[in-house]
Amino acid sequence: MRENGPVTSATRQPETPAAALPPRLIATDLDGTLLRDDKSVSERTVAALAAAEEAGIEVFFVTGRPARWMDVVSDHVHGHGLAICGNGAAVVDLHGGPGAHRFVKVRELARENALDAVRLLREAAPGTVFAVEQTYGFYQEPAYPKLHMEIPDNLAPAERLLAPDGPGADEPVLKILAFHHELDPDAFLTVARRAVGDRATITRSSPSALLEISGPGVSKASTLELCCAERGISPEEVVAFGDMPNDVEMLTWAGTSYAMGNAHPAVIAAASGRTVANNEDGVAVVIEKILAERL
């Protein structure tokens with residue numbers, strides 16, 4: 001989901017924390033992390049991901065993107081073929097390829113919670129506009145800007161979009177998006193978390209004042225934890241990568257974690273190590289080092 005601008009590396013070589021146990025799973029964000037700014041996956045990164053899988057280390061893509069935007073990495077899934085999308089709201093099997101993905105797990109945002117969040121944010125931050133992300137559909141208010149790579153399925157006030165008989169009423173809501181034209185992004189996040197409280201989980205991955213609102217307790221970290229528990233993988237056996245506030249919980253949970261050279265200050269504070277920027281293949285640099293140490 002991150003809209004990247006030009007970035008430079010904050011450090012030329014990765015600062016490598018000592019892993020408590022040999023890694024069994026790599027969890028990586030996409031935009032601003034695995035992907036370069038042009039949204040490509042470099043040949044070096046493709047090779048590193050394949051080598052990790054060949055060495056028996058599972059790779060999970062863990063992103064704020066909806067499932068339908070996963071074509072950028074669908075050619076690079078191996079083994080299980082699963083990705084965590086929507087900041088933890090869905091686990092998706094990408095083996096079917098673009099447009100043929102299958103939802104394995106959905107952690108929806110209850111409509112009543114979404115409506116509470118809309119009401120409280122309208123009061124706390126007048127001028128906020130909303131969009132609604134569902135398993136397959138995308139809906140937005142008329143004043144919501146064209147921030148995404150698609151035409152919305154419906155234009156209406158959020159209250160109508162989230163009504164029991166609203167458009168897409170037969171689909172789960174994965175998250176709602178809240179945008180403000182004037183507020184500082186971090187200030188908007190602070191205001192929203194204070195206003196909404198435990199009715200929802202609020203984070204952000206964009207450099208603009210765009211918030212992503214999921215169900216209570218739903219995050220990249222909590223869904224990754226569920227997937228790892230199903231595989232008997234402990235946090236100490238996970239290596240995670242990220243660059244924006246929606247990665248903080250995941251980087252804190254993982255036994256070993258890396259902030260990218262282009263990362264937000266909150267991510268740098270949360271991670272146990274740092275690597276070079278996304279445009280310098282920071283994820284691949286670390287994977288190569290991990291695999292070299294196993295020889």
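Predicted, not measured: the structure shown is a model, and the values here were computed from it. Worth knowing before you read on, the calculation uses all heavy atoms, side chains too, and leaves out hydrogens, waters and symmetry mates.
Val267 and Val276 are not part of a single hydrophobic cluster, where members link through side-chain heavy atoms under 4.5 Å apart. When hydrophobic clusters are built by joining Ile, Leu, Val, Met, Phe, Trp and Tyr residues whose side-chain heavy atoms come closer than 4.5 Å, directly or via intermediates, Val46 is grouped together with Leu30. The hydrophobic clustering, which links ILVMFWY residues whose side-chain heavy atoms are closer than 4.5 Å, places Ile57 and Val286 together. Cluster annotation: Leu291 is connected to Tyr258 through the hydrophobic network of ILVMFWY side chains, with a link wherever side-chain heavy atoms come within less than 4.5 Å. Ile233 is connected to Ile84 through a chain of hydrophobic side-chain contacts under 4.5 Å among Ile, Leu, Val, Met, Phe, Trp and Tyr, so both are in one cluster.
There is a side-chain donor-acceptor pair under 3.5 Å between Asp37 and Asn278. Between the side chains of Thr128 and Arg122, no donor-acceptor pair is found at a separation under 3.5 Å. Side-chain contact check for Asp247 and His264: no donor-acceptor pair (N or O, by modelled atom type) lies under 3.5 Å. For the residue pair Glu212 / Ser205, a side-chain donor-acceptor distance below 3.5 Å is found, with atom types taken as modelled. For Ser234 and Arg24, the side-chain atoms include no donor-acceptor pair closer than 3.5 Å.
Here the side chain of Ser257 pairs no donor or acceptor atom with the backbone of Ala254 at under 3.5 angstrom. Side chain of Ser222 to backbone of Gly217: a donor-acceptor contact under 3.5 angstrom is found. Checked by atom type and distance alone, the side chain of His181 never pairs as donor or acceptor with a backbone atom of Pro145 at under 3.5 Å. In this structure, Thr252 contributes its side chain and Val248 its backbone to a donor-acceptor pair below 3.5 Å. Remark: the backbone N or O of Glu171 is paired with a side-chain donor or acceptor of Gln134 at under 3.5 angstrom. At least one donor-acceptor pair under 3.5 Å links the side chain of Arg231 to the backbone N or O of Cys227. Using modelled atom types, one side-chain atom of Lys220 and one backbone atom of Val62 make a donor-acceptor pair closer than 3.5 Å. A donor-acceptor pair is defined here as one N or O able to donate and one able to accept, closer than 3.5 Å; such a pair exists between the side chain of Lys175 and the backbone of Gly64. Distance alone, capped at 3.5 Å, is enough to place a donor-acceptor pair between the Ser206 side chain and the Ser208 backbone. Within the 3.5 Å criterion, the main-chain N or O of Phe130 finds a donor-acceptor partner in the side chain of Glu141.
Here the side chains of Glu159 and Val118 are in contact, with some heavy-atom distance below 4.5 Å. Leu224 has its side chain within reach of Trp253: a pair of non-hydrogen atoms, C-beta onward, lies under 4.5 Å apart. Taking the side chain as every heavy atom from C-beta outward, Leu177 and Leu210 approach each other to under 4.5 Å. In this structure, the side chains of Val196 and Ile213 stay at 4.5 Å or more apart for every pair of heavy atoms. Contact check for Ile26 versus Phe241: side-chain heavy atoms found under the 4.5 Å cut-off. Put simply, the side chain of Val173 does not reach to within 4.5 Å of the side chain of Glu108, judged on heavy atoms. Inter-residue side-chain proximity for Phe60 and Leu25 is flagged as met; some heavy-atom pair is nearer than 4.5 Å. The closest side-chain heavy-atom distance from Asn87 to Thr203 is below 4.5 Å.
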With side-chain contact (heavy atoms from CB on, under 4.5 Å) as the test, would you mind laying out the steps for Val73 and Leu35 before giving the verdict? CA-CA 9 Å; Val73 291; Leu35 304 182; 4.1 Å; yes
I'd like to know whether Asp31 forms a side-chain contact (heavy atoms from CB on, under 4.5 Å) with Lys39, so could you lay out the CA-CA distance, the side-chain angles of the two residues, the decisive distance to 0.1 Å, and finally the verdict. CA-CA 7 Å; Asp31 297 280; Lys39 306 305 179 186; 2.9 Å; yes
Walk me through it: do Met260 and Thr275 pass the test side-chain contact (heavy atoms from CB on, under 4.5 Å)? CA-CA 5 Å; Met260 305 304 292; Thr275 185; 3.7 Å; yes
Evaluate side-chain contact (heavy atoms from CB on, under 4.5 Å) for Val238 paired with Thr256, printing each intermediate quantity in order. CA-CA 6 Å; Val238 176; Thr256 305; over 6 Å; no
Pair Glu280-Arg36, salt bridge (charged side-chain N to carboxylate O under 4.0 Å, His left out): steps then yes or no: CA-CA 8 Å; Glu280 299 173 72; Arg36 291 189 166 189; over 6 Å; no
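Rounded to the nearest 0.5 angstrom, Leu155 CG and Arg160 CZ are separated by 13.5 Å. With rounding to the nearest 0.5 Å, the separation of CG in Asn246 from CG in Leu211 is 11.5 Å. Here the straight-line distance linking atom CZ of Phe103 with atom CG of Leu174 works out to 6.0 Å at 0.5 Å rounding. Expressed to the nearest 0.5 Å, how far CG of Leu161 lies from CD1 of Ile176 amounts to 10.5 Å. Rounding to the nearest 0.5 Å places CG of Leu189 at 14.0 Å from NE2 of His180. Considering CG of Asp116 and CG of Leu162, their distance stands at 10.5 Å, rounded to 0.5 Å.
Taking all atoms of both residues into account, the shortest heavy-atom contact from Met70 to Ala83 is CE-CB, 3.7 Å. Smallest separation of non-hydrogen atoms from Ala27 and Met250: CB-SD, 4.1 Å. Of all non-hydrogen atoms in Asn113 and Arg199, the two that sit nearest each other are ND2-O, 2.7 Å. When all heavy atoms of Phe188 and Ala178 are compared, the pair lying nearest together is CE2-O, 3.6 Å. Here the closest non-hydrogen pair linking Gly86 and Ser214 is O-OG, 4.1 Å. Minimum heavy-atom separation, Asp184 to Ala187: OD2-N, 3.0 Å.
Annotation: Glu123, atom CD; neighbour count of heavy atoms from other residues, nucleotides and ligands within 6.0 Å is above 12.
Ring pair Tyr139/Tyr144: centre-to-centre distance not below 6.0 Å.
With respect to the salt-bridge test (charged N to carboxylate O, under 4.0 angstrom), the residues Arg193 and Asp198 do not qualify. One finds a salt bridge joining Lys105 and Glu230 here, because a Lys/Arg side-chain nitrogen approaches an Asp/Glu carboxylate oxygen to under 4.0 Å.
Residues passing the side-chain contact (heavy atoms from CB on, under 4.5 Å) test with Glu43: none are found, sequence neighbours excluded.
Taking the six-membered ring where tryptophan is involved, the planes of Tyr136 and His101 are essentially parallel, since the angle between them stays under 30° and well short of 60°.
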